[in-house]
Structure formats: structure tokens, C-alpha cells
Amino acid sequence: MKTEDEMLKKMADYCTRTERCISDVRKKIRYSELPPEAEERIISRLVHEKFIDEERFAKSFVNDMLRFNHWGRVKIAYELKFRNIRPQIYGKALEAIDENEYQTILSTLLNSKLRTTKGRPNEVFQKLLRFASTKGFETSLIIKTLKGILKNVDYEQFT
């Protein structure tokens, strides 16, 4: 079993490698079997010394999930909520998403998936809609984007 000071140093190191939120750090500390008071003291100190900053974490998380995982706002918000980030914090981070970049990511995803999707026109539309929905994009935006992509498509290639 680690002492409180050892765990503090370990968690400070853990937080310096990449952005972390309080719930991530709390999970790690719980495995050390320290008492809840020690856990709170460690987290309080990490927050006070800016090792943990949930606004910074939310911005970084939104940026990474959008650019690298190609997740939409819905999935990103769900994941941040799951990590106990307050809605005011993740709301600001989501609002900072550049609309043109967001639309480009969705269009690129749909065009890529279109090349490997088979079926009649309605089936292709539904498959692409489901695909983008699972990535966390908003249904209205998906439909609007799909209408633009599919209007000049030769569906003979999909059968």
C-alpha cells in the first residue's frame, strides 16, 4: 500500500503526461486503498497546483475526439458527462468547435463510408445515417449532409 505522499507524486506524474479529469484520477487513487480523506486531499492539491483543470481537460478532450476519433458533439458530450464534467464546462468546449471543420469531418466520414456501402438508394441513406449517428453527429446535420452528398450519386455502383 502506498502512502499519501507517494500517491500524490504518482498522480502528479500521471497528470503531467496528458490532460486528466478528477474522475480519472479518483479511479486511480481508489485502487491504492487510501482512505477517502486522503483521496480528497490529493485531488484538492492537484487541482490547486493546476495538475488537474477540468476546463483544460474538456477542451483537450473535445479537440482530440473530434480530430482523431472523428466523434460528433453528441458522443463527446456523453463521454464528458460520463466523466462527471459539469455541463457548463463541456458546453463551452463544445461551442468552441469550428463549424466548417466539423462539417468537413462529417462529410469526409460519410464520403469514405459511401465507397464501401452497398444497397438500394434508401438502404444506403439509412446505413450512412446510422453510421454517422453512432459517431455522435446530430441527425439533422447528417441528413442535410447526406442530401448534398447523395444528390449526384450513380446508385448503379452500389448494387
Side-chain angles (χ1 to χ4, degrees), residues 2 4 7-32 34 36 38-117 123-151 153:
K2 292 191 184 298
E4 186 173 333
M7 184 53 72
L8 175 63
K9 288 176 186 164
K10 184 176 179 177
M11 291 299 97
D13 181 55
Y14 177 65
C15 292
T16 56
R17 284 184 252 137
T18 188
E19 291 295 337
R20 307 286 181 188
C21 63
I22 292 172
S23 67
D24 290 345
V25 174
R26 192 177 302 279
K27 285 177 194 168
K28 286 275 194 192
I29 296 172
R30 288 219 171 111
Y31 287 116
S32 71
L34 285 173
E39 177 183 315
E40 290 307 317
R41 283 191 298 270
I42 290 170
I43 288 174
S44 177
R45 184 144 173 218
L46 291 171
V47 168
H48 177 73
E49 294 179 10
K50 300 289 185 198
F51 283 98
I52 301 172
D53 182 328
E54 296 211 321
E55 283 187 33
R56 197 174 60 211
F57 171 80
K59 287 178 188 173
S60 174
F61 188 85
V62 167
N63 183 52
D64 290 353
M65 294 303 115
L66 177 63
R67 291 194 174 95
F68 302 120
N69 292 19
H70 306 293
W71 285 6
R73 285 186 187 97
V74 175
K75 190 168 184 172
I76 294 170
Y78 177 81
E79 187 62 32
L80 288 168
K81 187 176 181 180
F82 177 76
R83 291 167 184 253
N84 297 319
I85 305 297
R86 292 189 321 259
Q88 309 88 282
I89 292 174
Y90 70 75
K92 277 193 242 175
L94 290 170
E95 286 172 14
I97 294 174
D98 178 76
E99 284 303 317
N100 292 329
E101 180 182 9
Y102 191 71
Q103 180 66 50
T104 301
I105 289 170
L106 176 58
S107 295
T108 303
L109 267 175
L110 290 170
N111 278 309
S112 177
K113 186 69 173 171
L114 177 62
R115 287 190 283 272
T116 62
T117 305
E123 291 171 345
V124 170
F125 186 91
Q126 291 301 320
K127 287 177 182 180
L128 293 173
L129 177 62
R130 265 193 310 277
F131 168 73
S133 292
T134 63
K135 295 292 259 173
F137 289 90
E138 301 87 335
T139 304
S140 59
L141 183 61
I142 299 167
I143 291 170
K144 178 182 165 196
T145 305
L146 279 173
K147 285 180 178 178
I149 291 172
L150 297 175
K151 70 180 174 189
V153 172

Show me the donor-acceptor pairs, under 3.5 Å and distance only, between side chains in residues 82-95 and residues at least two apart or in other chains.
{"unit_1": "Arg83", "atom_1": "NE", "unit_2": "Glu79", "atom_2": "OE2", "d": "3.2"}
{"unit_1": "Arg83", "atom_1": "NH1", "unit_2": "Asp24", "atom_2": "OD1", "d": "3.2"}
{"unit_1": "Arg83", "atom_1": "NH1", "unit_2": "Asp24", "atom_2": "OD2", "d": "3.1"}

Let me confirm one number: the NE2-CD1 distance from His48 to Ile43, rounded to the nearest 0.5 Å. 15.5 Å

If you apply the rule side-chain contact (heavy atoms from CB on, under 4.5 Å), what do you find for Val25 with Tyr14, and how did you get there? CA-CA 8 Å; Val25 174; Tyr14 177 65; 4.3 Å; yes

A side-chain contact here means heavy atoms from C-beta on lying under 4.5 Å apart; do Phe131 and Thr117 qualify? no

Which donor-acceptor pairs under 3.5 Å do side chains of residues 139-146 form with protein atoms, sequence neighbours excluded?
{"unit_1": "Thr145", "atom_1": "OG1", "unit_2": "Gln103", "atom_2": "NE2", "d": "2.7"}
{"unit_1": "Thr145", "atom_1": "OG1", "unit_2": "Leu141", "atom_2": "O", "d": "2.8"}

Using the rule given for side-chain contact (heavy atoms from CB on, under 4.5 Å), can you reason through Lys28 versus Met11, listing the C-alpha separation, both sets of side-chain angles and the distance that settles it, and then say yes or no? CA-CA 8 Å; Lys28 286 275 194 192; Met11 291 299 97; 3.6 Å; yes

Between Leu114 and Leu150, is there a side-chain heavy-atom distance shorter than 4.5 Å? yes

Pairwise distance NZ(Lys59) to CD(Glu54) - rounded to 0.5 angstrom: 13.5 Å

Check the orientation of Phe61 and Trp71. Use parallel for under 30°, tilted for 30 to 60°, and perpendicular for over 60°. perpendicular

Shortest non-hydrogen contact between Ser32 and Met7, atoms and distance: CB-CE, 2.9 Å

Taking all atoms of both residues into account, what is the closest heavy-atom pair of Ser107 and Ile149, and its distance? O-CD1, 4.1 Å

Look only at the side chain of Lys135 and the backbone of Asn69, and say whether a donor-acceptor pair between them is shorter than 3.5 Å. yes

Salt bridge check: are Arg45 and Glu49 linked by an N-O gap of less than 4.0 Å? yes

Student check: side-chain heavy atoms of Leu34 and Lys2 closer than 4.5 Å: no

Donor-acceptor pair, distance only, cut-off 3.5 Å: does the side chain of Asp13 make one with the backbone of Lys9? no

Which atom pair, heavy atoms only, marks the closest approach of Leu110 to Leu128? CD2-O, 3.7 Å

Please check this pair: side chain of Arg26 against backbone of Glu40, looking for a donor-acceptor N/O pair closer than 3.5 Å. no

Is there side-chain contact between Leu46 and Ile22, with at least one heavy-atom pair below 4.5 Å? no

Starting from the C-alpha separation in whole Å, work towards a yes-or-no answer on salt bridge (Lys or Arg N to Asp or Glu O under 4.0 Å) for Glu99 and Arg73. CA-CA 11 Å; Glu99 284 303 317; Arg73 285 186 187 97; 2.2 Å; yes

The reported gap from CZ in Phe137 to CG in Leu129 (rounded to nearest 0.5 angstrom) is 13.0 Å

Here the gap from Ser133 atom OG to Lys75 atom NZ, rounded to the nearest 0.5 Å, amounts to 11.0 Å

Is a side-chain N or O of Tyr102 found less than 3.5 angstrom from the main chain of Gly72, in a donor-acceptor match? no

Quick check: do Glu4 and Arg41 have side-chain heavy atoms less than 4.5 Å from each other? yes

Can any side-chain N or O of Ser112 pair as donor or acceptor with the backbone N or O of Thr108 at less than 3.5 Å? no

Give a yes/no verdict on a cation-pi contact between Arg20 and Phe51, requiring under 6.0 Å between NZ or CZ and the six-membered ring centre and an angle within 45° of the axis. no

Distance, nearest 0.5 Å, that separates CZ of Arg56 from NZ of Lys50: 7.5 Å

What distance do Glu101 atom CD and Leu106 atom CG have between them, rounded to the nearest 0.5 Å? 12.5 Å

